[in-house]
Amino acid sequence: MKIEVLLFAGLREAVGQDKVQLELAPGATVADAQAELERLFPVLRGQRYACALDHRYATSATPLGEAR
């Protein structure tokens, strides 16, 4: 599945862009998206940041859906 990740503040500055498209396996979670981001952008490894899905904070176990 394809998802779009919006990056803000320090993450945006570290990565150098404000959004990233990710291709993840069906049933992926926020933790899977974080792992893929860190694989693509090693500068993010070890950084702490909050995640939100549809304007609500999400935990690492929150499942993701297709980008709309």
**Asked** Do you know which of Leu44, Asp18, Val20 makes side-chain contact (heavy atoms from CB on, under 4.5 Å) with Leu7?
**Response**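 Of all the options given, the one that passes is Val20.
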Got a second to check how far [X]'s [atom1] is from [Y]'s [atom2], nearest 0.5 Å?
X	Y	atom1	atom2	result
Gln47	Leu37	CD	CG	11.0 Å
Lys2	Glu23	NZ	CD	6.0 Å
Lys19	Phe8	NZ	CZ	10.5 Å
Leu53	Thr59	CG	OG1	10.0 Å

**Message:** Is there a side-chain contact between Leu40 and Leu22 in this structure, where contact means two heavy atoms from C-beta onward sitting under 4.5 Å apart?
**Reply:**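 Side chain of Leu40 against side chain of Leu22, heavy atoms only: contact under 4.5 Å found.
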**Prompt:** Is Leu24 close to Leu64 at the side-chain level, that is, under 4.5 Å between some pair of heavy atoms?
**Reply:**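 The answer is yes; the side chains approach within 4.5 Å.
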**Request:** Tell me, please, which residues at least two apart from Arg12 pass salt bridge (Lys or Arg N to Asp or Glu O under 4.0 Å).
**Result:**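 For Arg12 there are no salt bridge (Lys or Arg N to Asp or Glu O under 4.0 Å) partners, ignoring immediate neighbours.
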**Asked** So, for Thr29 and Ala61, which heavy atoms are closest and what is the spacing to 0.1 Å?
**Response**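 Nearest pair, atom of Thr29 first, then Ala61: CG2-O, 3.8 Å.
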**Exercise: identify the closest heavy-atom pair between Ala28 and Met1** =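 Shortest heavy-atom contact: N-CE, 3.4 Å.
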**Arg45, CZ: over 12 other non-hydrogen atoms inside 6.0 angstrom** =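 Yes.
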